[in-house]
Structures are given as C-alpha cells and as structure tokens.
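The next block holds one structure in the form of structure tokens; read it before the comments.
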Amino acid sequence: MIDDTTAHLPTGDALLTDAVFQGARTVGRFVDDSVPDALLRAVHDTVRWGPTAANSGPLRLLVVRSREARERLAVHMDEHNRERVLGAPVTLVVAADTDFHRHLPTLAPHAPTMGERLAGVPDVRAAMARDNAWLQTGYLVVGLRAVGLGVGPMTGMDAAGVDAEFFAGTGWHALAVLNVGWPDGEGTDRPRAPRLAWDEVAREV
Ligand SMILES: Cc1cc2nc3c(=O)[nH]c(=O)nc-3n(C[C@H](O)[C@H](O)[C@H](O)COP(=O)(O)O)c2cc1C
C-alpha cells in the first residue's frame, strides 16, 4: 500500500509552516528598520482572503506610527506593555467593526437579505464581529510572519479606553494591539514554552 500522507506537502528547503509556527516567536525586540506601509498593504491583500462567516470580514486596523499616536495609545495599555508600544517600529490596533453588515450587499451576494436582518440584532452582530475579527487577527499574525516580520500581540489594555480614544462614533471595538517589526535575533529572551499535543486536544468519535 502506498503511504500518501505526505503527498500533498510542499517540498523545498523549509516548510512555510515551520517559519510561521515552530520557528517564529512572539517578538518583543525589534531592529530599528521601519516597516513600509506598502508591505502592510501587501500582507493585508493576502490575508483578507482567509474565510469568515458569511464573508463578513469585520477586522479593522488602526496603524500607529507617530510618537504622538503611540503616546495616545500607550496610556491605555497595561503598565508592562507600555514601553513595547512606544518602542515598536509600527503598531496595529486590531478592531472588530460591529457595523460590518453595511458591507454585506457587496461581500455576501449569496445572502442578499442578511445585512438587513443583522441591522435589527446588534447583539448578534457584536458577537459575530468579535469572533470573526479574532479569526482574521490569526490570519494576519501568520501573514505578517510569512513575510519575515515579527509580531508581538497584546491584549493587556483598557480596550474601552482605546475605543474612546480612537474609535468614538464608529462601530469599531479594539480587540488587541500588535507590535510589528523585523525581529532582533529571535526577538525574545524568554525560553519557548511547550504546547499541548494532539492527544491532549483532539478526540475522535
Ligand atoms: C491574543 C494574545 C494576547 C497577548 N497579550 C499579551 C500581553 O498583553 N502582554 C504580553 O507581554 N504578551 C502578550 N501575549 C504574548 C503571549 O504570552 C505569547 O504569544 C505566548 O506566550 C507564546 O509565546 P511564543 O510565541 O514566544 O512561544 C499575547 C499573545 C496573544 C496571542
């Protein structure tokens, strides 16, 4: 019998999955080089194709670069996260847009009445926005790593404070902050912690 378990894996010097998972750390130490807007756009152009429920795509991004913008953000971060926001080459606030349904006529032509139905149920929209924007945040982290960037995600912050500071009058709600840049070496001195194994996380029925 032919063992075809690896038949569909890409071949080459290194698997991309190694570069973005096993070989990548959560980065807190970056070199000084800047991260061009064009590269952030290119990464978004790729990861936006990751699937979301009803193709809702509720992830929104605030790019924080200037000293003034960093300081406005840093005051809402937990104390141990402040220096990281002030020091990273670029920081992205990832947010969920609870008004994502306004785009559904374009994004979900397969479900022509969904936008209207969701307009009347803000709680459902809020949950859907949060779930799917988090999903897209995962795609984004992997996409940034895939071009060699390092990412330091942080949720230790006053999210309501960030919303009031940057998103007043909109449906955007901050989920996390991603510090992004080129890693300095491994980008961290912390020893790698283990992960749960297949047998600990999976059951077969
Ligand atoms: C959603 C999320 C929130 C996090 N929040 C913080 C944070 O507020 N402060 C911090 O120092 N690290 C934070 N981390 C970093 C995690 O502790 C780190 O990703 C994890 O320990 C794995 O580290 P490794 O990738 O180096 O193995 C966060 C990571 C994620 C994915």
Side-chain angles (χ1 to χ4, degrees), residues 14-31 35 40 43-44 46-48 50-53 56-65 69-98 126-167 172-198 200-201:
L15 293 176
L16 181 60
T17 50
D18 286 340
V20 299
F21 289 112
Q22 292 97 318
R25 297 294 309 274
T26 294
V27 172
R29 206 177 52 228
F30 301 94
V31 297
V35 179
L40 296 177
V43 169
H44 178 261
T46 298
V47 301
R48 67 187 171 141
T52 53
S56 51
L59 178 70
R60 304 291 181 262
L61 301 170
L62 180 74
V63 181
V64 179
R65 278 191 196 277
R70 282 167 191 293
E71 283 170 0
R72 284 175 63 197
L73 178 59
V75 294
H76 302 288
M77 303 305 297
D78 290 355
E79 209 171 322
H80 63 280
N81 286 334
R82 270 182 207 151
E83 278 307 314
R84 295 184 189 149
V85 161
L86 293 172
V90 64
T91 296
L92 304 176
V93 179
V94 295
D97 183 6
T98 55
M128 205 171 151
R130 195 176 167 84
D131 290 349
N132 285 280
W134 266 121
L135 183 60
Q136 289 184 285
T137 300
Y139 301 147
L140 180 61
V141 169
V142 170
L144 291 164
R145 285 177 167 186
V147 296
L149 287 163
V151 185
M154 303 191 304
T155 46
M157 63 180 177
D158 169 14
V162 175
D163 289 351
E165 182 78 42
F166 296 106
F167 305 142
W172 295 25
H173 295 281
L175 298 175
V177 161
L178 307 182
N179 292 320
V180 179
W182 307 103
D184 182 0
E186 214 182 11
T188 180
D189 294 326
R190 193 190 282 184
R192 183 71 137 169
R195 304 297 200 256
L196 298 180
W198 172 260
E200 296 169 290
V201 305

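Start at 1 and go down the list; that is how both ligands and their atoms are numbered. Just so you know, these numbers use all the heavy atoms, side chains as well, and skip hydrogens, waters and symmetry mates.
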Do Phe30 and Asn179 have side chains that approach each other closer than 4.5 Å (heavy atoms only, starting at C-beta)?
yes
Have a look at Thr137 and tell me which of Leu59, Leu92, Val47 forms a side chain to side chain contact (heavy atoms under 4.5 Å, CB included) with it.
Leu59
Write out the protein residues near ligand 1, meaning a non-hydrogen atom under 4.0 Å from one of its atoms, in order of chain and number.
Arg25, Thr26, Asn81, Arg84, Trp134, Pro153, Met154, Thr155, Gly156, Arg190, Arg192, Arg195
Take atom CD in Glu83; do more than 12 heavy atoms of anything else shown fall under 6.0 Å from it?
no
Side chain proximity check, Leu175 to Arg130, heavy atoms < 4.5 angstrom:
yes
Closest heavy-atom pair and its distance - Ala146, Leu16:
CB-CD1, 4.2 Å
Return the set of residues passing side chain to side chain contact (heavy atoms under 4.5 Å, CB included) with Ala176 (not counting sequence neighbours), or none when no residue passes.
Val94, Trp134, Thr155
